[in-house]
Protein chains: 2
Amino acid sequence: MNIGQASELSGIPSKTIRYYESIGLLPAPARKDSGYRDYSTPEIETMRFIQRARNLGFAIKDVNELLDLWNDTHRTSAQVKALTKRHIDEIESKINELESMRNTLVTLSDKCHGDDRPDCPILEDLASL
Amino acid sequence: MNIGQASELSGIPSKTIRYYESIGLLPAPARKDSGYRDYSTPEIETMRFIQRARNLGFAIKDVNELLDLWNDTHRTSAQVKALTKRHIDEIESKINELESMRNTLVTLSDKCHGDDRPDCPILEDLASL
DNA sequence: TTTGACCTTCCAGTCTCTAGAAGGTTTATA
DNA sequence: TATAAACCTTCTAGAGACTGGAAGGTCAAA
């Protein structure tokens, strides 16, 4: 099948499929006489795997590792769990950082009149007058 | 003062100060005979303003707007508050996205033995068998 | 046959820096 | 005074993960 249909079935835009191929995340598919890429079902499965992993926030490098583990019958579930734990830890530290920002911003915002007057605690805090 | 000291006082790396200048976030400072950049106190204040805004997650474009508002005596606090609210909304949607990822990952991870066996609900979910 | 929807490659841009190269200047020490 | 160390300069390229656009080839239907 053409890249357009592969895109629809996998949920990955055609451009991104080509990009994934260019960085080696996806193997180069067969080509038709026209030069068009020609995908088959197992390749679509791989794309869906990639798409789900990306939706869970795994970096491309991690997705690559997950694909390797997926294809390795000698993998241990400990390996997968360790990779996932690392990722969870990263997500949680990002959440904490964002929550801290949000708390500061909400506190400042609540103190700001938000009317026609120029005085504003948000700017004052940034300038730390 | 030299860029090194400006960097220490503002908390912004020298390289980043030059980068901010190159994109017009910071005005080009005076130069000494040697060609070295020569900063004075008000410029450090601007840098600190920028650094605090960046630490609160404002994008460069937003920092630029905040600087303009800071320097505009005819600004209204409503303008600042609106910009801040936009930013808070963005942060909250990122937090929600990350929390949703984390919840899924934790659920899957909890079901994974994490031992020497190869079977793993995390991979199974990604492959959606 | 021609139109429109596909497909191809390649280059550039996004965002916010950061590393490194190659070289000039200043300061401190031997 | 010589020289080494610590600064500073500009420039280019790379990170991560795409996305847009240009210029052109292919295919299916009217």
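Because the structure is a prediction, the values reported are computed rather than measured.
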Atom pairs, protein N/O to nucleotides 15-18 of chain D N/O, distance under 3.5 Å:
unit_1: dA17(D); atom_1: O3'; unit_2: R54(A); atom_2: NH2; d: 3.4
unit_1: dA17(D); atom_1: N7; unit_2: Y19(A); atom_2: OH; d: 3.4
unit_1: dC18(D); atom_1: OP2; unit_2: Y20(A); atom_2: OH; d: 2.6
unit_1: dC18(D); atom_1: OP2; unit_2: R54(A); atom_2: NE; d: 2.9
unit_1: dC18(D); atom_1: OP2; unit_2: R54(A); atom_2: NH2; d: 3.3

Main chain of [Y], side chain of [X]: is a donor-acceptor contact present, judged purely on distance under 3.5 Å?
| X | Y | result |
| --- | --- | --- |
| H87(B) | L56(B) | yes |
| D38(B) | R31(B) | no |
| D125(B) | P121(B) | no |

Just how far, in rounded Å, is C1' of dC7(D) from CE of M1(B)?
->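 It is 16 Å, rounded to the nearest whole Å.
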Separation of atom CZ in R18(B) from atom P in dC11(D), rounded to whole Å =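 Between P of dC11(D) and CZ of R18(B): 12 Å.
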Pairs of donor and acceptor atoms involving the side chains of residues 102-110 of chain A, under 3.5 Å and at least two apart or interchain, shall be tabulated with distances.
unit_1: N103(A); atom_1: ND2; unit_2: E99(A); atom_2: O; d: 3.2
unit_1: T104(A); atom_1: OG1; unit_2: S100(A); atom_2: O; d: 3.1
unit_1: T107(A); atom_1: OG1; unit_2: N103(A); atom_2: O; d: 2.8

In residues 25-50 of chain A, which ones come under 4.0 Å of DNA chain C, going by heavy atoms?
->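 The stretch gives R31(A), G35(A), Y36(A), R37(A) as the residues lying under 4.0 Å from the strand, ordered by number.
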Residues from residues 82-103 of chain B sitting under 4.0 Å of DNA chain C, heavy atoms only?
->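 Going residue by residue through residues 82-103 of chain B, none turns out to have a heavy atom under 4.0 Å of DNA chain C.
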Taking atom types as modelled and ignoring hydrogens, do the side chains of E43(A) and S40(A) form a donor-acceptor contact shorter than 3.5 angstrom?
->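 Yes - a donor-acceptor pair under 3.5 Å links their side chains.
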Is there a donor in the side chain of R48(B) and an acceptor in the side chain of S128(A), or the other way round, less than 3.5 Å apart?
->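 No, S128(A) and R48(B) have no side-chain donor paired with an acceptor closer than 3.5 Å.
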Please report the interatomic distance [atom1]([X]) to [atom2]([Y]), rounded to the nearest 0.5 Å.
| X | Y | atom1 | atom2 | answer |
| --- | --- | --- | --- | --- |
| S77(B) | E124(A) | OG | CD | 10.5 Å |
| L66(B) | L126(A) | CG | CG | 6.0 Å |
| T84(B) | D89(B) | OG1 | CG | 11.0 Å |
| S7(B) | M47(B) | OG | CE | 8.5 Å |

For I17(A) and R37(A), what are the C-alpha separation, side-chain angles and deciding distance, and is it a side chain to side chain contact (heavy atoms under 4.5 Å, CB included)?
-> CA-CA 11 Å; I17(A) 293 174; R37(A) 285 172 181 78; 5.6 Å; no
Taking only N/O atoms, report every protein-nucleotides 2-5 of chain D pair under 3.5 Å with atom names and distance.
none

Under 4.0 angstrom, heavy atoms only, what part of the nucleic acid is I23(A) near: base, sugar-phosphate, or nothing?
->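 Counting heavy atoms under 4.0 Å across all strands, no contact is made by I23(A).
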Derivation and outcome, side chain to side chain contact (heavy atoms under 4.5 Å, CB included), residues V80(A) and W70(A) = CA-CA 9 Å; V80(A) 184; W70(A) 188 35; over 6 Å; no
Test D115(A) against T76(B) for side chain to side chain contact (heavy atoms under 4.5 Å, CB included), laying out the working first.
-> CA-CA 6 Å; D115(A) 58 16; T76(B) 67; over 6 Å; no
Establish whether I44(B) and Y36(B) are linked, either directly or via other cluster members, by ILVMFWY side-chain heavy-atom contacts under 4.5 Å.
->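 Shared cluster, no.
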Between R54(A) and I60(A), does a side chain to side chain contact (heavy atoms under 4.5 Å, CB included) hold up when you go through it step by step?
-> CA-CA 7 Å; R54(A) 292 287 300 132; I60(A) 298 272; 4.1 Å; yes
DNA chain C: 5'-most and 3'-most nucleotides touching chain B, 4.0 angstrom heavy-atom criterion =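 Boundary nucleotides touching chain B, in 5' to 3' order, are dT16(C) to dT26(C).
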